Protein chains: 2
Amino acid sequence: MTARYAGIAGELREAIMRGDYDVGAQLPSEAELAVRFAASRGTVRQAVAVLAAEGLVGSRQGARRIVLGRERSQSFAELHSFAQWARSMGHRVTGRVLEQRRRAADAAEAARLALRPGDAVLRVLRLRSLEGEPVLLERTVYAGWIAPAVESLPADCESVTQALYEGVGLVFAYGEHLIDAVAAGTEDARLLSVRRGSPLLRQRRVTTTPEGRPVEWSDDRYRAGSVTFSIRNSVDANPLVRQVGDLRPSS
Amino acid sequence: MTARYAGIAGELREAIMRGDYDVGAQLPSEAELAVRFAASRGTVRQAVAVLAAEGLVGSRQGARRIVLGRERSQSFAELHSFAQWARSMGHRVTGRVLEQRRRAADAAEAARLALRPGDAVLRVLRLRSLEGEPVLLERTVYAGWIAPAVESLPADCESVTQALYEGVGLVFAYGEHLIDAVAAGTEDARLLSVRRGSPLLRQRRVTTTPEGRPVEWSDDRYRAGSVTFSIRNSVDANPLVRQVGDLRPSS
DNA sequence: TAGGCGAACTTGTTCAAACAAGCTAGGCCC
DNA sequence: GGGCCTAGCTTGTTTGAACAAGTTCGCCTA
């Protein structure tokens, strides 16, 4: 059952997306929304807090909230599953496993997956295409405990995320993403049909279960121009962190 | 005066950073924290919600919260001001204006800055260096109403953000960031001391006042390897949105 | 017309109670 | 040891009251 505040947030989100309120326009006051939705002021506050977290509305003490934008947000699941995302964008998507092998985790992998160095992990190389064009190369390392489930998937499995949920009830709940730019290496270039040295958008990510158990650590490389990441922030909430690299040209 | 919940969040954040709780460890219950901080349970919930939004803790109904990570977050101001960020990282930073000119806004700029095409804007080309190495090229377009204040800044002004605040009380409150990878153009290559065509991490961003008025629209290009962007997300809150590009190789 | 003032409105914070929905750990049984 | 059950604990939701801190707008005066 959807919580009331989530339902109210959903209705307000739709009203914003529909154009009931222009960008820059004011929302009704909390008191008015409480009457309109037959809810308490606290519940309304929770609902608009959800929208604020999505960057759709902004607020100042004493002034009515304003609409900041109309861009549709994405659920965690949609971001996590390339296939789900692409389909919701209306694109034809395919995915293909090129390599898959168990091996011992190196120190970095072990740290990321809360394992000991030398523990068994499953490394998968996967190519994703949109409209027949290769756009994403994923080098994913799965913790050993999930390896059997991954190995049982077909090589052309479209949505690994969904298949793992349906197959073994695996749920992803938390993610950390590191985004930078790298030059295409030899393998990248061959598989993504680009020149060696050309720019790739790299997203390294680790994904974790609701209990806090890391499942996968992945190095994803997008062809430049194929994908853009978008983030909204504010003085109240800044999810984006800039970290210094090693200040030498990347290899 | 800092709100109580913000103070409690700060203390809990420090305890986490200090190692009082390992990654994966449980936090005390809300009831215990309420006693410890002499606050109501509602206030404690607000405090831990702040930490959850930073990706430091995760929660499941009925189970104690767990520590997800120890990475320090950044304030909005720190992310926005390259100089402030670099200094807090302990790096020597310089900034230099290479070009600065008023001109008419094109359609894209006008849309981003809530202006009409043809309205006057100020375009500034700025180079940022860390430890004497050029790492960031900013092409920033300021709305006309803030142009005089920007023009009055010295060419080697380190922190434009701080100077605008001190000079005219300008406050930034909201941001939108588009992150992708592009190939260095001729000017990029010359100014950042890289080969033409080599990868750059591009961050296009628009920044807005508390009243919702856009101030600047900037195309920032980082040398590959100099900076990584980090974002945490969860099923409860996903600030990261993947958008499709135009599926053709970038120029 | 512009500026100042104040009342009314608006959002932000804190507290508390009550209930719902889930987790955890101990005890018991096979 | 493993599975099941349950009491107690824990987080999630909703309501509401009271107060703080800020904004907005109408009115008045120079």
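The model shown is predicted, which means the values in this text are computed figures rather than measured ones. Reminder, nothing fancy here: chain letters follow the sequence lines and each chain counts from 1.
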remark   = With sugar-phosphate taken as primed atoms, P, OP1 and OP2 and all else as base, the protein-contact string of nucleotides 3-15 of chain D at under 4.0 Å (heavy atoms; B, S, -) is -------BBBBBB

query = Within 45 degrees of the axis of the six-membered ring of A/W217 and under 6.0 Å from its centre: does A/R139 put its NZ or CZ there?
reply =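 No, A/R139 and A/W217 do not form such a contact.
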
task = Starting from P on D/dT23, measure out to CD on A/Q26 and report it in whole angstrom.
result =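 Checked: the CD to P distance equals 13 Å.
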
inquiry  = Between A/S218 and A/D220, do the side chains contain a donor N or O and an acceptor N or O under 3.5 Å apart?
reply    =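 Short answer, yes.
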
query = If you measure only the distance, is there a donor-acceptor pair under 3.5 Å linking the side chains of A/S88 and A/E78?
reply =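 Result is yes, a qualifying pair exists.
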
query = So do B/V241 and A/E71 actually touch side chain to side chain, heavy atoms under 4.5 Å?
reply =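 With C-beta onward as the side chain, the pair stays apart.
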
query = With a 4.5 Å limit on heavy-atom distance, are the side chains of B/I16 and B/D20 in contact?
reply =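 No; the side chains remain at least 4.5 Å from each other.
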
query = So A/W85 and A/F82, would you call those rings parallel, tilted or perpendicular, with 30° and 60° as cut-offs?
reply =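 A/W85 and A/F82: tilted rings.
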
query = If you fit an axis to the five pairs at each end of the helix from C/dT1-D/dA30 to C/dC30-D/dG1, how big is the angle between those two axes, to 10 degrees?
reply =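 The end-segment axes of the helix from C/dT1-D/dA30 to C/dC30-D/dG1 are tilted 20° relative to each other.
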
message = Less than 4.0 angstrom from a charged side-chain N to a carboxylate O is my criterion; do B/R204 and B/D180 meet it?
response =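 Result for this pair is yes, salt bridge flagged.
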
Heavy-atom donor-acceptor pair, A/E14 side chain to A/E11 backbone, under 3.5 Å =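 A pair under 3.5 Å: no.
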
